[in-house]
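To start, the structure under review is shown below, and the notes come after it.
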Amino acid sequence: MPIPGYGGKIVKVNLSTKSVVIEDIDRYMARSYIGGKSLGTYLLLRYMKGSWDVDPLSPENVLIIASGPFNGTMVPMASRVTLVFKSPLTGVYGESVVGGSFGAYMKWAGVDAIVIIGRSPEPTYLLISDESVEIRNASKLWGRGIFETEDTLREEHGRDSTRVLAIGQAGEKLVKFAAVGHEYYRQAGRCGGGAVMGSKNLKAVAVRINKKEVTYFNEDRLREVVSELHRKIREHPSLQSYATKGTPGFVEKANVFGFFPTRYWRKVVFDKYENIKWESLSRYRVGRMSCFGCPVACHQYVEVNEPPYIGSKVTLEYETIFAIGGLCEIDDIRAIAHLNMLMDDYGVDTISAGNVLAFAIEAYRRGKLSIDRELRYGDPECLEWLLEKIVKREGIGKVLAEGVAKAAKLLDLNELAIHVKRLEPPGYDPRTLKGMILSYAVSPRGACHLRLMGYHADLLGLGGGRFSTSKEKVEVLVDLENKGIMYDSLPVCKFGRYIYDWDVMKEVLNALTGFNYAVNELKLIANRIRTLIRLFNNKVGVSRDTDTLPRRFIREAVEYEGNQHRVTEEEINRMLDAYYELRGWDENGIPKKETIEKLKLSKTVKELDLN
């Protein structure tokens, strides 16, 4: 009997043997792991079992694409799909989430998860429908950008009936921070999932549907809850702000509050931010774009038709504006849009790319790069030149394509590099947003703002305010992290945090699936997934020693409102101690035996060879 809210199938593809196995998702797996991040994590550990030291770019690495029960339904803000893998950039747990409509199409095609192993001898793409799974030749697509790849596959298989995840030239060339693109301007950007696909000679995954059907356990009750959610969305000021200005509206706040990383993490205010804030891009704004089923429609679509950037089309986000505008001090929003479009088509994570470009400018200034072209802050032309070198792995691009951490090691600039567990950070300086100390230090994928959401807690004044590092702050962050795991499993956009509390998640999930969860059970599932991820990361070398921040955040102060701000070792250790205690981990960050037993994970840990 079909499980309400689920597609019903898990598709396993071995690209080396060209074999496909399709199995039903059983009720125990669905109830225990829900979907998205939680289901994807379990499947990653199940299929990697014991092979923790595998090279992330080898055929043995596993790529999971997982949707969740909320995908493709009437539930608002439920568009996400999660990619899980061992990261080629960091060497630890890799995870990336993308919005749009791919998750909905997976659901309508009857698929809850796709497991991809092996390596094809020639370029391929997957074509998945409710009738078949095909491994097709993609030689004609190899070398093309993401935009053209998507267009070609959708034209061939039906523009309205087909959705695509694809890589560009960066993924093909195994750039360690290569992204997976979807619907032109949406990316599963972080951790190098595009390089994993490239290493498997997998150009794209396409899903084609014949119908848009979902079963509900209690449709009447679900409609009641959904109606109330739409009312809350219409009335919530933060969500309406996102609807009006999107994330670019955050640029001004980040500078006013002094946490906008600038000049490769030297400053927290960009003195020319007026040129790149919302008002600067609004003159080029054509309209808004929405992920499937989202009434907020936060994506701000711009078109630039002025020289030298005629034809630049993209949806601009805060993180890209920070990474190119702040770190590289580009004060022309048109240039940022142009570089953003190139990155989206090449298929690179704009956060990591901006960090890498700014790092390269500093390396050049220190005489560490032997190149014919001058690199300087505020020069978009040199950034475009260097970006092409990176994507093609030409000259110095070979080094920079490895990411900041490895490039710094090769150039003997470790003291300059800003990264956590080899992942470059997003646009929130922890010296003036103290919740980001823990957010960066313990995020399972490296420096990340969306796992513990420390910036959100800081700006709302939760846990003692933005400069607090108290146990109260850590308790807030643990709850936000657990909610975040659930958001990525259901799935719900992280902006849904304003309306999706634990009770709402429970009500929607129960009406949809009929599993009759209690709130404590959802919290238990989130805690179990966090613990499984930690055990995996322990296996690949993560411990208290790696749960830390770059030395520059400790040694170098930034000025804000006439005061000097830095991170102290005491702050890091205080937050780590509290976090480990709340998680039930020992002083080295390893889950205790009694914690595993309390979470009823003993059998699972043994089966997955994580003990």
**Report entry** Residue pair I361 / L357, side-chain heavy-atom distance below 4.5 Å
**Finding:** no
Requested in this report: Could you grab the distance from atom CG of L327 to atom CZ of F270, nearest 0.5 Å is fine?
Outcome: 10.5 Å
Query raised in the report: Who pairs with A204 by side chain to side chain contact (heavy atoms under 4.5 Å, CB included), at least two apart in sequence or on another chain?
Result: Y125, T149, L153, V164, A166
Query raised in the report: How would you list, by chain and number, every residue that makes a side chain to side chain contact (heavy atoms under 4.5 Å, CB included) with F495, sequence neighbours excluded?
Result: M77, L239, Y242, T247, C298, C493, R497
Report task. Run the ring-centre check on Y455 versus F257 and record whether the distance is less than 6.0 Å. Result -> no
**Report entry** Salt-bridge contact R393-E402 (side-chain N to carboxylate O under 4.0 Å)
**Finding:** yes
Requested in this report: Using the salt bridge (Lys or Arg N to Asp or Glu O under 4.0 Å) rule, take K389 and E394 through it: C-alpha gap first, then chi angles, then the decisive distance, then the call.
Outcome: CA-CA 5 Å; K389 295 291 184 184; E394 294 178 349; 3.6 Å; yes
Query raised in the report: Do K494 and D488 touch side chain to side chain, with heavy atoms closer than 4.5 Å?
Result: yes
Query raised in the report: Within the side chain of T320, is there an N or O that forms a donor-acceptor pair under 3.5 Å with the backbone of L316?
Result: no
Query raised in the report: Any idea which heavy atoms bring W142 and P123 closest together, and the distance?
Result: CE3-CB, 3.5 Å
Report task. Give the minimum heavy-atom separation between A188 and S96, together with the two atoms involved. Result -> C-OG, 2.9 Å
Query raised in the report: When rounded to the nearest 0.5 angstrom, what distance separates NE2 in H182 from CD1 in I146?
Result: 11.5 Å
Requested in this report: Verify, without hydrogens or angle tests, whether S290 (side chain) and R288 (backbone) share a donor-acceptor contact under 3.5 angstrom.
Outcome: no
Requested in this report: Could you check if a side-chain atom of V356 sits within less than 4.5 angstrom of a side-chain atom of V348, using non-hydrogen atoms only?
Outcome: no
Report task. Check for a donor-acceptor pair, side chain of N71 on one end and backbone N or O of K107 on the other, with a separation under 3.5 Å. Result -> no
Query - S87 side chain vs C191 backbone, donor-acceptor pair below 3.5 Å - result: yes
Query raised in the report: Does any non-hydrogen side-chain atom of P56 lie less than 4.5 Å from one of F85?
Result: no
Query - Considering all heavy atoms, the nearest F147-D345 contact - result: N-OD1, 2.9 Å
Report task. Please name the pair of heavy atoms, one in I485 and one in S489, separated by the smallest distance, quoted to 0.1 Å. Result -> O-OG, 2.7 Å
Query raised in the report: Under 3.5 Å, is there a donor-acceptor pair between the side chain of T244 and the main chain of Q240?
Result: yes
Query raised in the report: Would a 4.5 Å heavy-atom cut-off, applied to side chains only, mark L141 and T152 as touching?
Result: yes
Query raised in the report: Hey, what do you get for CD1 (I336) to OG (S312), rounding to the nearest 0.5 Å?
Result: 12.0 Å
Report task. Could you check K245 against E252 for salt bridge (Lys or Arg N to Asp or Glu O under 4.0 Å), going step by step and ending with a plain yes or no? Result -> CA-CA 11 Å; K245 297 183 177 181; E252 183 170 13; 5.4 Å; no
Report task. Return yes if some donor-acceptor pair links the side-chain N/O of K421 with the main-chain N/O of A447 below 3.5 Å, else return no. Result -> no
Requested in this report: Evaluate the ring planes of F70 and Y500, with Trp represented by its six-membered ring, and classify them as parallel (under 30°), tilted (30 to 60°) or perpendicular (over 60°).
Outcome: tilted
Query raised in the report: Would V268 and F260 satisfy side chain to side chain contact (heavy atoms under 4.5 Å, CB included), going step by step from the backbone distance to the final call?
Result: CA-CA 5 Å; V268 289; F260 191 71; 5.8 Å; no
Query raised in the report: Going by atom types only, do E319 and Y428 share a side-chain donor-acceptor pair under 3.5 Å?
Result: yes
Report summary line: Distance col, row I396:CD1 vs I390:CD1, nearest 0.5 angstrom, shows 9.0 Å
**Report entry** Side-chain donor or acceptor of D379 paired with backbone N/O of L375 under 3.5 Å
**Finding:** no
**Report entry** Distance in Å, T90 OG1 paired with K406 NZ, rounded so as to fall on 0.5 Å steps
**Finding:** 13.0 Å
**Report entry** Distance-minimising heavy-atom pair for L369 and A360
**Finding:** CD1-O, 3.4 Å
Query raised in the report: Are any of the side-chain heavy atoms of L387 and Y346 separated by less than 4.5 Å?
Result: yes
Query - Heavy-atom side-chain proximity of L433 to L459 below 4.5 angstrom - result: yes
Query raised in the report: Taking it one step at a time, do Y309 and E303 satisfy side-chain hydrogen bond (donor to acceptor under 3.5 Å, both in side chains)?
Result: CA-CA 9 Å; Y309 304 113; E303 292 185 359; over 6 Å; no
Query raised in the report: Charged N to carboxylate O under 4.0 angstrom, E306 versus R283?
Result: yes
Query - Ion pair check, E150 and R154, cut-off under 4.0 Å - result: no
Query raised in the report: How would you list all residue pairs meeting ring-ring contact (aromatic ring centres under 6.0 Å, His included) that involve residues 271-296, not counting sequence neighbours?
Result: W108-F292
Query raised in the report: In terms of heavy-atom contacts, does NZ of K267 have more than 12 from other residues, nucleotides or ligands at under 6.0 Å?
Result: yes
Requested in this report: Classify the angle between the aromatic ring planes of H236 and Y498 as parallel (below 30°), tilted (30 to 60°) or perpendicular (above 60°).
Outcome: tilted
Query raised in the report: Within the distance-only criterion (no hydrogens, no angle test), does the side chain of R80 pair as donor or acceptor with the backbone N or O of V97 below 3.5 angstrom?
Result: no
Query raised in the report: Do side-chain atoms of E424 reach the backbone of V404 as a donor and acceptor pair under 3.5 angstrom?
Result: yes
Report task. Output all residues satisfying side chain to side chain contact (heavy atoms under 4.5 Å, CB included) with E374, sequence neighbours left out; order by chain, then residue number. Result -> Y364, R376
Query - Atom pair CD (E213) and CG (D130), whose distance is rounded to the nearest 0.5 Å - result: 9.5 Å
Query raised in the report: Side chain of S443, backbone of Y440: donor and acceptor closer than 3.5 Å?
Result: no
Requested in this report: Sort and list the pairs that fulfil side chain to side chain donor-acceptor pair (under 3.5 Å) and have at least one residue in residues 183-205, not counting sequence neighbours.
Outcome: S101-E183, D151-Y184, R163-E183, E172-K203, E183-R186, R186-H299, Q187-D344, R190-D349, R190-S352
Query raised in the report: Do the side chains of V314 and V302 get nearer than 4.5 Å, heavy atoms only?
Result: yes
Query - E155 and R159 ion-paired at < 4.0 Å - result: yes
Query - Exceeds 12 heavy-atom contacts within 6.0 angstrom, atom NZ of K140 - result: no
Report task. Apply the test side chain to side chain contact (heavy atoms under 4.5 Å, CB included) to residues N355 and Y264: give CA-CA distance (whole Å), side-chain angles for both, the deciding distance (0.1 Å), then the verdict. Result -> CA-CA 7 Å; N355 272 272; Y264 197 54; 4.0 Å; yes
Report summary line: V205 and F102 have their tightest heavy-atom pair at O-CE1, 3.5 Å
Query raised in the report: Quick one: side chain to side chain contact (heavy atoms under 4.5 Å, CB included) partners of R373, sequence neighbours excluded?
Result: E381, C382, W385
Report task. Check the surroundings of atom NZ in K313: do more than 12 heavy atoms from other residues, nucleotides or ligands lie under 6.0 Å from it? Result -> no
Report task. Might you confirm whether atom NZ of K173 has over 12 heavy atoms from other residues, nucleotides or ligands at distances under 6.0 Å? Result -> no
Query raised in the report: Angle class for the F250/Y318 ring planes (parallel below 30°, perpendicular above 60°, tilted otherwise)?
Result: perpendicular
